[in-house]
*Asks:* 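Below are the structure tokens for one structure; questions will follow.
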Protein chains: 2
Amino acid sequence: MGRGNITIEDVAREAGVSRQTVSRVINRSPNVSGSARSRVEQVIETLGYVPNAAARRMGGARSYLLLAAIEGGTAGELAGRLPLDRMLLEGLAACSGQGYHLMFKQISQERDLASALTSLTPDGIVLLPPLDERAEFHHMLERRGLAAACLAERHEHGRVLPGLDEAGFGEAATAKLIEHGHRQVGFIAGDGDIVRSRRRIEGYRRALAEAGSRAHRHFVSEEPRDLAGAIDLARGWLAPTIRPTAIIAGTEAVALGVLQVAHELGLAVPRDLSLLALEDTSGLARSHPPISTLHQPLGALFAGACMRLIEAGEGGGAIRPQGTLTPAIASAAHVFMPRATIARAPRAV
Amino acid sequence: MGRGNITIEDVAREAGVSRQTVSRVINRSPNVSGSARSRVEQVIETLGYVPNAAARRMGGARSYLLLAAIEGGTAGELAGRLPLDRMLLEGLAACSGQGYHLMFKQISQERDLASALTSLTPDGIVLLPPLDERAEFHHMLERRGLAAACLAERHEHGRVLPGLDEAGFGEAATAKLIEHGHRQVGFIAGDGDIVRSRRRIEGYRRALAEAGSRAHRHFVSEEPRDLAGAIDLARGWLAPTIRPTAIIAGTEAVALGVLQVAHELGLAVPRDLSLLALEDTSGLARSHPPISTLHQPLGALFAGACMRLIEAGEGGGAIRPQGTLTPAIASAAHVFMPRATIARAPRAV
DNA sequence: CTGAAAGCGCTAACAT
DNA sequence: ATGTTAGCGCTTTCAG
């Protein structure tokens, strides 16, 4: 027994069957008689047997390991890019529910990916943004026949591409306000991923242009704003007579800042000003009034990606290449949290 | 070559040595001639060889895997307890720098721990709070001869116990304010881990009592406060003539709330009111004025715990039991970030 | 449906 | 200093 752990051998002996039968039971092979199966399951329970993951992999089968690839950079640099804490917890829940393990790894170059793959031989890999846009990575994975997944897919030029649809996200947020009669909609980017902010603004512009508004020429702040920056900007926008009737805030800090300025200026929210935040935090749920959000549920999207990878693996023993992955149906790309900061636009501006 | 990966065998053949010599090179064994070593290293580089982690474990040696045990619960429940995103990133950096892998796992009961250990056979395990106080877990690890580490240790009743010294943390924060002449120091707990908040308050009380103050009888809020709650409370405290001259805020939200109330009431910060937050976030660094913090660098503490585990393993081939772990010298238990919200107490209250 | 044999890639232990 | 041998625990063959 080597290090004293209970092995498949122990279970086999105790149950009076061969190792192979035990193996079939733990791998849910159909070719096991009911009696043998129940006996083995009984012994497994009694002995508290747990298969050794490394040995399992060595047998040449699945590794029951999923890899989540994070972009390179220090903790400080990556701060706020992705809600890694939620993704970790929700991904863990999805994986361990299926008997899978989950491991995160920072990947900068192709060789990092190659090392991780040969060293760990995962059954699948989730390319977290912005790695999901690196064609080289997809190629390498395809070459190795490894299942890959992204948080979501976007539709562009009639094609389906990997990556979050940030433009669509910005568009949807804007549409939500337009629905309520707003035309003078402002957009303030928060600090975080600048690239993603830009894309959201594209969508915002598109939606406003289609609605015949020109607000996107005056009321956009592309540069990242923190609380103080948002406050400064909001004062400039909201004090004049001609002002936005609704503002989209990229982050919690921006939303709180705008809300504060509205208070200062005596603007009632949402009567005089509607407010929509693009991330969902506890602070927003508890402000006065609580702030409505349209956000990407990245934790759920990540868990969904893990599930798809697992299903792809379970499918036929062999792991299907990335192309055959089922679409991200598990969770919506964005979720609206109606709270108390969206109302119909006032008649005149 | 099985799945097409380069194995130690390929390297050995190419370098004209035995597998064992290659193994010795990658494991930094001293018993290799310079010529053989350089030849092997050359081939490894050329072929891009990376050892297979599973096979390495199977060889009976180290697994080069560290496990971080998180308490059970959903992502929502655990929100804000621990800065898992930072810990993940900083831990990853520490581990991968040493050729180690890092895996997080939620552990609720003993059997979860047992499963994780037999399934993954990690070389060491970090018990994240509050798991670090579960004696059963320590016992199990000791029984298995597995190295364990916590984020930090605390000193209590003359004994060294696992776990963060939350009381000492609260005490240090209070002392910092007392140093500046404050006696009327308030404490507002944020939402998050209630148990930890309580302990901090213990330390806070102790420090004030020793300084001969009775402020801790009036100006303590044990119950978790969010932004709105903090604002309500702060209004009650700061409007009267007899009021705290300094406030310790458990979280960012609380600190920002207090600051807002100070503004409302025309209290200058820090002239009329000093403010110290117990967590360090970008929002605090950017408020007006930026808020001073005394915080636990949990990311760094976690990375330090990983390093200690790795060193313990490297030490003598066999992994040393937990008792022999070196203390957490890598990083201080708390870090003071002087910004602009602490000043000497006003003369009269 | 079940068992026996062979081997995954690596490293301890033992030789040399 | 280096090579040889024997597994680690499991799963894939391939036979019954």
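Naming convention: chains lettered A, B, ... in sequence-line order (proteins, then strands); numbering from 1 in each chain. All values derive from a computational prediction rather than experimental measurement.
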*Asks:* Quick check: on DNA chain C, is the nucleotide nearest B:Ile26 upstream (toward 5') of the one nearest A:Arg39, or the reverse? Name the residue that is more 5'.
*Replies:* A:Arg39
*Asks:* Report yes or no: do B:His101 and B:Ser63 form a side-chain donor-acceptor pair below 3.5 Å?
*Replies:* no
*Asks:* Pull out every protein N or O sitting under 3.5 Å from an N or O of nucleotides 12-16 of chain C, one pair per line with the distance.
*Replies:*
| residue | atom | partner | partner atom | Å |
| --- | --- | --- | --- | --- |
| C:dA12 | N6 | B:Gln20 | NE2 | 2.3 |

*Asks:* Any donor-acceptor pair under 3.5 Å linking the side-chain atoms of B:Ser38 with those of B:Gln42?
*Replies:* no
*Asks:* Looking at B:Thr21, I'd like to know whether one of its side-chain N or O atoms comes within less than 4.0 Å of OP1 or OP2 on D:dG3.
*Replies:* yes
*Asks:* Has B:Asn5 got a side-chain N or O lying under 4.0 Å from the OP1 or OP2 atom of C:dG9?
*Replies:* no
*Asks:* Scan residues 72-83 of chain A for pairs that pass salt bridge (Lys or Arg N to Asp or Glu O under 4.0 Å), counting only residues two or more places apart or in two chains.
*Replies:* A:Glu71-A:Arg81
*Asks:* C:dT11 phosphate, OP1 or OP2: any side-chain N/O from B:Arg56 under 4.0 angstrom?
*Replies:* yes
*Asks:* Just report the end-to-end axis angle for the helix from C:dC1-D:dG16 to C:dT16-D:dA1, five pairs per end, to 10 degrees.
*Replies:* 30°
*Asks:* Taking A:Gly99's backbone N and O only, do any of them form a donor-acceptor pair with A:Ser96's side chain (distance below 3.5 Å, no angle check)?
*Replies:* no
*Asks:* Between the side chains of A:Arg56 and A:Asn27, does any donor sit under 3.5 Å from an acceptor?
*Replies:* yes
*Asks:* How many Å lie between CD on A:Glu9 and C1' on C:dA5, as a whole number?
*Replies:* 13 Å
*Asks:* For DNA chain C, what residues of residues 48-55 of chain B have any heavy atom nearer than 4.0 Å?
*Replies:* B:Tyr49, B:Pro51, B:Asn52, B:Ala55
*Asks:* Just by distance, do the side chain of B:Asp132 and the backbone of B:Leu128 share a donor-acceptor pair under 3.5 Å?
*Replies:* no
*Asks:* For the backbone of B:Glu9 and the side chain of B:Arg19, can you confirm whether one donor and one acceptor N or O come within less than 3.5 Å of each other?
*Replies:* no
*Asks:* Let me know the distance between CZ of A:Arg19 and C1' of C:dC8, rounded to the nearest Å.
*Replies:* 13 Å
*Asks:* Between D:dT2 atom C1' and B:Ile8 atom CD1, what is the distance in whole Å?
*Replies:* 14 Å
*Asks:* Between B:Gly313 and B:Arg62, which heavy-atom pair has the shortest distance, and what is it?
*Replies:* O-NH1, 3.6 Å
*Asks:* Where the side chain of A:Arg134 meets the backbone of A:Ser108, is there a donor-acceptor pair that is under 3.5 Å apart?
*Replies:* yes
*Asks:* Of all of residues 28-36 of chain B, which get a heavy atom below 4.0 angstrom from DNA chain D, listed by number?
*Replies:* B:Asn31, B:Val32, B:Ser33, B:Ala36
*Asks:* From the options C:dT11, C:dG9, D:dG9, select the nucleotide whose nearest atom is closest to the side chain of B:Asn27.
*Replies:* C:dT11
*Asks:* Is it true that a side-chain atom of B:Arg24 and a backbone atom of B:Pro30 form a donor plus acceptor pair closer than 3.5 Å?
*Replies:* no
*Asks:* Testing B:Asn52, B:Thr121, B:Asp123 for side chain to side chain donor-acceptor pair (under 3.5 Å) with B:Arg57, which one passes?
*Replies:* B:Thr121
*Asks:* Who pairs with A:Phe137 by ring pair (Phe, Tyr, Trp, His ring centres under 6.0 Å), at least two apart in sequence or on another chain?
*Replies:* none
*Asks:* Any chance you could lay out the side chain to side chain contact (heavy atoms under 4.5 Å, CB included) test for B:Leu164 and B:Leu301, step after step, and finish with the verdict?
*Replies:* CA-CA 10 Å; B:Leu164 295 166; B:Leu301 287 173; 4.1 Å; yes
*Asks:* Has A:Ser18 got a side-chain N or O lying under 4.0 Å from the OP1 or OP2 atom of C:dG3?
*Replies:* yes
*Asks:* Restricting to non-hydrogen atoms, name the atom on A:Glu14 and the atom on A:Leu47 that form the minimum distance, rounded to 0.1 Å.
*Replies:* CB-CD2, 4.4 Å
